[in-house]
Amino acid sequence: ALGRFVGREALIGMAREFRAALKGAQQRHIIYNVEFQLDGDSGVGTCNLNHYITRDGVTELNGVGVYHDQLRRAGGEWYFASRIVVFDTDQGAEVTERSAPVR
């Protein structure tokens, strides 16, 4: 379910569809090497990711890549203004206007 998702409801829908497609398999989404550079009410960030799926007792690496983030501060909270994920094996997909606070 990769592609462009704009707004909170679109992100929630994408996550629900992806979970349903797993058909009960367990997933682990691991981020690391997290780095943010903030300047006033905006910022940029990057982090690496590994995504694993476990089915029938077998764990497989599903994807490896990097997130490129644009951040903004509103009302004292930090938010993702955009997030682009680039997997090592593809051209990437863009997720924009994420409305969850960075904590």
Side-chain angles (χ1 to χ4, degrees):
L2 295 179
R4 185 169 189 205
F5 304 93
V6 178
R8 184 177 181 88
E9 294 306 314
L11 287 170
I12 290 169
M14 180 271 301
R16 285 183 177 148
E17 287 178 21
F18 185 78
R19 185 175 182 139
L22 289 173
K23 298 180 181 178
Q26 179 64 48
Q27 68 171 328
R28 292 282 184 254
H29 177 248
I30 301 166
I31 61 170
Y32 55 97
N33 294 336
V34 178
E35 182 177 318
F36 294 112
Q37 296 175 355
L38 306 176
D39 184 14
D41 289 335
S42 64
V44 296
T46 60
C47 62
N48 298 102
L49 73 108
N50 290 0
H51 184 256
Y52 299 90
I53 295 177
T54 301
R55 285 189 183 93
D56 302 321
V58 177
T59 301
E60 295 181 350
L61 180 62
N62 186 52
V64 175
V66 63
Y67 285 119
H68 299 279
D69 301 323
Q70 297 289 320
L71 306 165
R72 65 179 168 81
R73 183 168 46 189
E77 298 279 351
W78 284 97
Y79 295 84
F80 289 98
S82 71
R83 168 164 270 187
I84 298 173
V85 59
V86 179
F87 288 102
D88 291 355
T89 56
D90 71 11
Q91 304 269 326
E94 185 174 356
V95 178
T96 61
E97 296 183 16
R98 182 173 178 164
S99 57
V102 176
R103 299 200 190 243

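Note that the coordinates shown come from a computational prediction; the quantities given were computed from them, not determined experimentally.
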Exercise answer: donor-acceptor pairs, residues 61-70 side-chain atoms, under 3.5 Å, sequence neighbours excluded:
{"residue": "Asn62", "atom": "ND2", "partner": "His51", "partner atom": "ND1", "Å": "3.0"}
{"residue": "Tyr67", "atom": "OH", "partner": "His29", "partner atom": "NE2", "Å": "2.8"}
{"residue": "Asp69", "atom": "OD1", "partner": "Arg83", "partner atom": "NE", "Å": "2.6"}
{"residue": "Asp69", "atom": "OD1", "partner": "Arg83", "partner atom": "NH2", "Å": "3.4"}
{"residue": "Asp69", "atom": "OD2", "partner": "Arg83", "partner atom": "NH2", "Å": "2.8"}

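In this structure, Ile53 CD1 and Arg28 CZ are separated by 12.0 Å, a value rounded to the nearest 0.5 Å. Note that the OH atom of Tyr32 and the CG atom of Asn48 stand 4.5 Å from one another [nearest 0.5 Å]. One finds the CE atom of Met14 at 13.5 Å from the CZ atom of Arg4 (value rounded to the nearest 0.5 Å).
Both Val34 and Leu38 belong to a single network of hydrophobic side chains, linked directly or stepwise wherever heavy atoms of I, L, V, M, F, W or Y lie under 4.5 Å apart. In the hydrophobic cluster analysis, where Ile, Leu, Val, Met, Phe, Trp and Tyr join through side-chain heavy atoms closer than 4.5 angstrom, Phe80 is grouped together with Ile31.
Applying the side chain to side chain donor-acceptor pair (under 3.5 Å) test to residues at least two apart or on different chains, the pairs with a partner in residues 34-45 are Glu35-Gln37, Asp41-Arg73.
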